[in-house]
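Worksheet for the structure shown next.
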Amino acid sequence: MSAESPEPASAEEQKVVYSVIFNLLLIVFQEMEDKVISPEKAEEAKLKARYPHLGQKPGGSDFLRKRLQKGQKYFDSGDYNMAKAKMKNKQLPTAAPDKTEVTGDHIPTPQDLPQRKPSLVASKLAG
Amino acid sequence: MASHFHAFQLFFPSLRAGGGNDIQWCFSQVKGAVDDDVAEADIISTVEFNHSGELLATGDKGGRVVIFQQEQENKTQSHSRGEYNVYSTFQSHEPEFDYLKSLEIEEKINKIRWLPQKNAAQFLLSTNDKTIKLWKISERDKRPEGYNLKEEDGRYRDPTTVTTLRVPVFRPMDLMVEASPRRIFANAHTYHINSISINSDYETYLSADDLRINLWHLEITDRSFNIVDIKPANMEELTEVITAAEFHPNSCNTFVYSSSKGTIRLCDMRASALCDRHSKLFEEPEDPSNRSFFSEIISSISDVKFSHSGRYMMTRDYLSVKIWDLNMENRPVETYQVHEYLRSKLCSLYENDCIFDKFECCWNGSDSIVMTGSYNNFFRMFDRNTKRDITLEASRENNKPRTVLKPRKVCASGKRKKDEISVDSLDFNKKILHTAWHPKENIIAVATTNNLYIFQDKMN
């Protein structure tokens, strides 16, 4: 039997073929996208792995409140003595690991005091 | 072959060196201590040219202001513009203590803004977290001599020895530059002041803290008007803070303020006394599928600056610089990536707090180039017309005047080419947060942690 040359595809057939190819390509790209994680999300995963208890609302209240309360909390003898009197037998709340975080219960103790500021001298830019 | 190379460059813009109409930047001067051990007080916290560019002011963490003056151009030295030398230095703010709240108030100068010159004296506003001060800087080059009742050294003469009267005359003396505080604007901010901006009416100015913006008259210190208040009734509901604010350069009724969520609000003071409702809200829509833990933090705007023309404004967030057309709110018209390679380092940058660094940005005099700082003492310039960008380094190794600075390149990943620096070798303690561009010339001031570099374009 002699080989017949293929008939030119009709417009309809062409359309079907093209749409099938297109859909196949879409599926392929979708799968590729699912496998590729943005660098930002990869970094997020890293952070969550290191700090699983990190707040639900990042950049939200905790972070902002910390920002608004920038500034050393100093030793206040009045607060300190009142807290001691109130506590009596209980232990005084110890300094939080993060000393800049102001919590309602934290009364700074003399040990928490930061170093004295150095005396003011002329700027080295003017030297 | 040449045409292929040019076509190649079209597809890889980063290959094209030079930004800024092929300005060739050269080292001019560096100010500050050489030693690596930086005293905290010496950390530079703000840099600002005055309106003519003749004066350059810096503020530091120790509350001191140093003003440099450009020396008059020497006709024989046609190859460079005048150098900047110390003109005046003074202690602007002192550390204070709020006894009621048991809080220390830092003396660090957050911002300096110059007033336009009206008479022989110069005026500037400097602010720390709580108090704004108006300083008058004046020159004295003559002094009166020949008093009747006083000797020249100030001792009083015995009146009985005075037999004749004379009229004191002014005689020239060595130039003395004096700085005196003329106004102190205090007790108007509960939170920390991040911005001050002088109105184009030259009579009023605004000061912004995390939650409020106040309007002042330069002559009146005991009163200010609150024009923006975003403090929620319940602080638990706090979701964003004000990060920067600026008056429009030409319209005295218009100002903008940026937020930690990446939005900019434009307000018109004619609309109401309290501008809590914005006239325009500039925000670039975000693809929700791209959202991550870091999205909001890196979208926080650290600086906003109007163009000199007043038609555009520029914002700086952690990774990019965006130019906004005031007529279009839904997205910026231009976006420039400052250090996109940091996106894959966000975890460590969060851990070492660098992700919260507040970089500033500035325009050149003709609004054609914008500049901002980065890490490793690198700073970047973007030419808005040619779309070319350049990375330069502020380092004492490039100390030879009139030697053109060599562009730097950071290698994000993979093979590092010769002369490139890999992301992991960047020094994140060497940050350039503050830069300033002379209002008229191609002269820039770049502040590293404790040094001030001045670069100029190569003339001839």
Side-chain angles (χ1 to χ4, degrees), chain A residues 30 33-34 36-52 54-80 98-100 102 106-108 112-127, chain B residues 31-33 39-42 44 58 60 62-66 68 86 88-89 91 94-95 97-99 101-107 129 191-192 210-211 235-241 260-261 290-300 343-351 356 450-452:
Chain A
Q30 192 61 50
E33 231 177 65
D34 289 346
V36 172
I37 309 172
S38 76
E40 215 173 295
K41 291 237 172 95
E43 290 294 296
E44 182 179 18
K46 234 192 268 181
L47 195 70
K48 289 228 165 99
R50 286 187 209 174
Y51 308 100
L54 209 49
Q56 294 300 74
K57 262 179 63 176
S61 292
D62 280 345
F63 155 54
L64 288 178
R65 247 188 286 131
K66 193 168 152 180
R67 182 187 177 137
L68 293 181
Q69 277 158 349
K70 175 182 75 142
Q72 309 274 11
K73 189 110 172 109
Y74 265 67
F75 176 69
D76 184 320
S77 63
D79 281 349
Y80 180 70
D98 179 5
K99 285 204 212 79
T100 59
V102 175
H106 177 224
I107 309 294
D112 295 346
L113 283 185
Q115 300 303 317
R116 235 192 84 94
K117 275 185 131 37
S119 22
L120 302 167
V121 292
S123 165
K124 296 202 179 86
L125 291 183
Chain B
K31 310 276 184 194
E40 247 194 73
D42 292 327
I44 299 172
T58 60
D60 64 22
R64 301 164 301 195
V65 170
V66 182
F68 302 92
V86 180
S88 171
T89 175
Q91 187 77 36
E94 305 257 353
F97 196 79
D98 181 338
Y99 291 96
K101 294 180 194 163
S102 233
L103 287 175
E104 180 186 59
I105 300 168
E106 258 196 303
E107 68 274 35
D129 282 340
Y191 303 98
H192 298 109
D210 291 318
L211 297 178
M235 283 298 270
E236 299 280 319
E237 291 162 21
L238 182 69
T239 53
E240 67 183 324
V241 294
S260 53
K261 277 187 157 175
N290 281 341
R291 196 160 176 81
S292 76
F293 174 84
F294 304 110
S295 300
E296 192 175 306
I297 301 173
I298 62 173
S299 72
S300 176
R343 201 179 285 270
S344 53
K345 302 284 170 200
L346 291 177
C347 181
S348 17
L349 292 168
Y350 179 88
E351 288 176 308
F356 302 109
N450 64 329
N451 284 175
L452 182 72

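Chain naming here is simple, since letters A, B, ... match the order of the sequence lines and numbering starts at 1 in each.
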Worksheet item: Given a strict heavy-atom distance threshold of 4.5 Å, which part of B/D98 is in contact with chain A: side chain, backbone, both, or neither?
Response: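 Neither part.
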
Worksheet entry | Side chain / backbone / both / neither for B/L349 at chain A, heavy atoms under 4.5 Å |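 Neither part, no heavy atoms under 4.5 Å.
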
Say you draw a straight line from [atom1] of [X] to [atom2] of [Y]; how long is it, rounded to the nearest 0.5 Å?
X	Y	atom1	atom2	value
B/E240	B/L211	CD	CG	10.0 Å
A/E40	B/I298	CD	CD1	4.0 Å
B/E351	A/K46	CD	NZ	9.0 Å

Worksheet item: Can A/E44 and A/K41 be counted as an ion pair, charged N to O under 4.0 angstrom?
Response: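 A salt bridge is absent here (no side-chain N lies under 4.0 Å from a carboxylate O).
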
Response to the item:
So, the part of A/A42 with a heavy atom under 4.5 Å from chain B: the answer is neither

Discussion item. Which atoms of A/S123 are under 4.5 Å from chain B, going by heavy atoms: the side chain, the backbone, both sets, or neither?
Written reply: both

Worksheet entry | Selection from B/S295, B/G32, B/S348, B/S88 maximising heavy-atom pairs under 4.5 Å formed with chain A | B/G32

Worksheet entry | Interface residue of largest heavy-atom contact number with chain A, from B/D60, B/V241, B/T89, under 4.5 Å | B/V241

Worksheet item: Checking B/R64 side chain against B/A41 main chain: does a donor-acceptor pair fall under 3.5 Å?
Response: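 Checking the backbone N and O of B/A41 against the side chain of B/R64, a donor-acceptor pair under 3.5 Å is found.
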
